[in-house]
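Here the structure is laid out as structure tokens; the discussion comes afterwards.
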Number of protein chains: 2
Amino acid sequence: MEFTEAKRQFIQTWGKLGTEWGINRTMAQVHAILLISSAPLSTEDIMEELSISRGNANMNIRDLLNWTLIYKELVPGDRKEYFVAEKDIWEVARRIIRERKKREVEPVLRILHQLKEIDGDTSSKEIQAFTSMMGQLDSFVGKMDKSVSLLINENENKLFSLLFKLLK
Amino acid sequence: MEFTEAKRQFIQTWGKLGTEWGINRTMAQVHAILLISSAPLSTEDIMEELSISRGNANMNIRDLLNWTLIYKELVPGDRKEYFVAEKDIWEVARRIIRERKKREVEPVLRILHQLKEIDGDTSSKEIQAFTSMMGQLDSFVGKMDKSVSLLINENENKLFSLLFKLLK
DNA sequence: TTAAACTTTCAATAATTACTGAAAATAAAA
DNA sequence: TTTTATTTTCAGTAATTATTGAAAGTTTAA
């Protein structure tokens, strides 16, 4: 396969994966471009590569900065801002997981916790079923949350040597 | 908190979590209703609970059946179909992970694998950066994929007693 | 068989989400 | 200063995704 085609296919694949997991396609594509770029890129470089508007490029670059998946890089003697991606994939995964946990999972956990305690006739089948499910979910999500935290705070080698020894 | 309010809030929360992770809000809400229901529900029950159309209810129930997150249940002497959710949360998680892995992760893995081998000048910085990133991603996604497979094929107690012993 | 009960499909439409482009804001250089 | 380069914002619009509702299809019972 030729480089240009491979690049196109990677950008497309990364974008598709993004949308499937609730991440804006363009944001994922900008990330893809920066992941494989050997040099810092400017907003204009990105606009051109993806054929998108300045506004769109700017917004998605901003989001990627907030997720700390990319960094600003200033080139001496140049007024433009350039961007580079965090290239260590473990670090990338760690940051994505940390962010999504904080934004999406923790609020759910807080709510589940509240929903376990409801008023009403405890002999009612409906209320029993509800309370039992809230208990299960709270416990499950809590455990997952904790495990994922532990996992992402370990480094690659430690994690996998242990995990494989354990579960193989 | 009162039961009706708690129920409303759970359905809403589950739907929101769904959309954030790329799952149709209504599908997640139908799932929520069935998760907390003590009795099998018909399409009409679901339509009424969520104020949605028959077509919408039917489509989302069908999808949930395909994910095997819910089952058909036939009530003797009744022509309608009723539905119940898989209530074991570990089993639910296992099925969701298995399905998403199959549908979304494995295709990406196949593509990354191909993209590692591209033609062209191997001394080019661009091509080196690309190839190196494809290698990292392929290895990372592959490892994650394998770990998750191992994890979801273990049962709750085994997994957690081991995991906590290991990583604490 | 025919009719009634129920389920599925899908074209039209609505709702949501993302994008554009130009104007406003900001920052650096002259 | 003033000018020029660059970034940000956001109202209007486009694209995507989800929903409706009625017609067609299917199944069961009379």
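Letters A, B, ... are given to chains in the order of the sequence lines, protein chains preceding strands, and every chain is numbered from 1.
Rounded to whole Å, the distance from NZ on B/K80 to P on C/dT8 is 14 Å. Atom CG of A/L41 is separated from atom P of D/dT7 by 13 Å (rounded to the nearest Å). Atom CZ of A/R62 is separated from atom P of C/dC19 by 17 Å (rounded to the nearest Å). Per the geometry, NZ belonging to A/K72 stands 12 Å off C1' belonging to C/dT26, to the nearest Å. Remark: C1' of C/dT26 and CG of A/N58 are 13 Å apart, rounded to the nearest angstrom. Remark: P of C/dT16 and NZ of B/K16 are 15 Å apart, rounded to the nearest angstrom. Atom CD1 of A/I61 is separated from atom C1' of C/dC19 by 14 Å (rounded to the nearest Å). Between the P atom of D/dT6 and the CG atom of A/D45 lies a distance of 12 Å, rounded to the nearest Å.
No side-chain donor-acceptor contact under 3.5 Å links A/N56 and A/S53. B/W14 and B/Q29 share no side-chain donor-acceptor pair at under 3.5 Å.
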What one-letter contact string describes nucleotides 18-30 of chain D from 5' to 3', where B marks a base within less than 4.0 Å of any protein heavy atom, S marks contact via sugar-phosphate atoms alone, and - marks no contact? SBBB-----BB--

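A salt bridge is defined here as a Lys NZ or Arg NE, NH1 or NH2 lying under 4.0 Å from an Asp or Glu carboxylate O, and B/E73 with B/K80 fails to meet this definition. Taking a cutoff of 4.0 Å between a charged side-chain nitrogen and a carboxylate oxygen, B/E106 and B/K102 do not qualify as a salt bridge.
Taking CD of A/Q136 as the start and NZ of B/K87 as the end, the distance is 9.5 Å to the nearest 0.5 Å.
Of all heavy-atom pairs spanning A/H113 and A/D138, the tightest one is ND1-OD2, 3.1 Å.
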